[in-house]
Structure formats: C-alpha cells, structure tokens
Amino acid sequence: MIFRKVEKNQHHFSHKADTNCNPASETILHFEAKHYLVRELNNQNDVYCSIPIDYFGDKYKEMFNALNQTYYDISLLDFLRFYKAGELFVKKRSAI
C-alpha cells in the first residue's frame, strides 16, 4: 500500500502500480484491514506496525543489526502527521 497525499481529493492509501491486485480477488481480510485502519486513524486512535528489517535496504539493515533490532516499530499517526495528512478514506474501486 502507498499513502497518497493529493491536492484535489482526500489523502488515501492505494496499491502499487505493479501489483496484481483487483477488487474481484480482494480477500475479506484485506477488505476489513484497510477499513479498520482508516476508521482507527480517522478517530485518532493510533495503529502500530512492526516492520521486519529485511524489508529495508542494506544500509538500514546494518544499522538495525548493530542495535540488535529485528523489527522497526512505527506509529501510523506519527507517519501521517509527518506528511500533515488530513482525514483518510478508502476508495471504492469499480470492477474490472
């Protein structure tokens, strides 16, 4: 998922362009997860994510290994405040 900070519409999350995701193949878990995130963040309830350090590039992996960290914890509200995001919503996608 990518956070989109846009001028004409509301800020939102979208899929990366090269992903093989379409509305017909969206699982109930995926559907519920994105709606949960938007609802919690719009209510100013924080959501924390733990990202495995393998996700990051080599320079960051070296730093995390030196700190004996296997995960990077991030607050989504802090992340969104950094981008000065307003209210979020989940876009409805038309069937392909």
Side-chain angles (χ1 to χ4, degrees):
M1 300 295 288
I2 300 171
F3 173 69
R4 301 279 185 189
K5 183 177 179 187
V6 295
E7 293 181 21
K8 293 183 181 181
N9 297 320
Q10 292 180 328
H11 304 310
H12 62 279
F13 291 101
S14 66
H15 293 270
K16 291 181 181 177
D18 296 340
T19 59
N20 196 14
C21 185
N22 66 57
S25 66
E26 181 176 74
T27 66
I28 191 71
L29 178 60
H30 181 181
F31 177 86
E32 291 297 331
K34 69 183 182 183
H35 286 273
Y36 167 80
L37 288 174
V38 168
R39 184 175 57 251
E40 291 301 304
L41 293 172
N42 281 336
N43 289 330
Q44 296 296 301
N45 297 324
D46 211 347
V47 178
Y48 291 87
C49 296
S50 290
I51 304 169
I53 63 165
D54 291 340
Y55 177 81
F56 299 97
D58 290 337
K59 288 182 183 180
Y60 293 105
K61 285 181 193 176
E62 289 177 28
M63 179 186 70
F64 287 124
N65 284 329
L67 297 170
N68 288 328
Q69 285 186 271
T70 54
Y71 289 89
Y72 176 73
D73 295 325
I74 186 170
S75 155
L76 290 185
L77 279 179
D78 286 344
F79 178 78
L80 294 173
R81 283 185 197 112
F82 177 79
Y83 287 102
K84 296 179 176 79
E87 201 170 280
L88 298 172
F89 69 100
V90 178
K91 285 175 113 176
K92 292 183 180 179
R93 295 177 66 181
S94 58
I96 297 176

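- The side-chain hydrogen bond (donor to acceptor under 3.5 Å, both in side chains) check on Asp73 picks up Ser50, with sequence neighbours excluded.
- The heavy-atom pair separating Ile53 from Gln69 by the smallest distance is CD1-O, 3.5 Å.
- By the ring-ring contact (aromatic ring centres under 6.0 Å, His included) test, Tyr36 is found to be paired with no residue, residues two or more places apart in sequence or in another chain being considered.
- With values rounded to the nearest 0.5 angstrom, His35 atom NE2 is found 9.0 Å from His30 atom NE2.
- Following chains of ILVMFWY side-chain contacts shorter than 4.5 Å, one cannot reach Phe31 starting from Leu37, and the two form parts of different hydrophobic clusters.
- We find the NZ-CE distance between Lys59 and Met63 to be 12.0 Å, quoted to the nearest 0.5 Å.
- Partners of Tyr71 under the ring-ring contact (aromatic ring centres under 6.0 Å, His included) rule, at least two apart in sequence or in another chain, do not exist in this structure.
- Qualifying side-chain contact (heavy atoms from CB on, under 4.5 Å) partners for Ser75, counting only residues two or more places apart in sequence or in other chains: Asp46, Tyr48, Leu77, Asp78.
- Residues passing the side-chain contact (heavy atoms from CB on, under 4.5 Å) test with Leu29 are Thr27, sequence neighbours excluded.
- Taking the side-chain contact (heavy atoms from CB on, under 4.5 Å) definition, one finds that Asn43 meets it with Arg39, Asn45, sequence neighbours left out.
- Under the 30°/60° scheme for interplanar angles, the aromatic rings of Tyr72 and Phe64 are found to be tilted.
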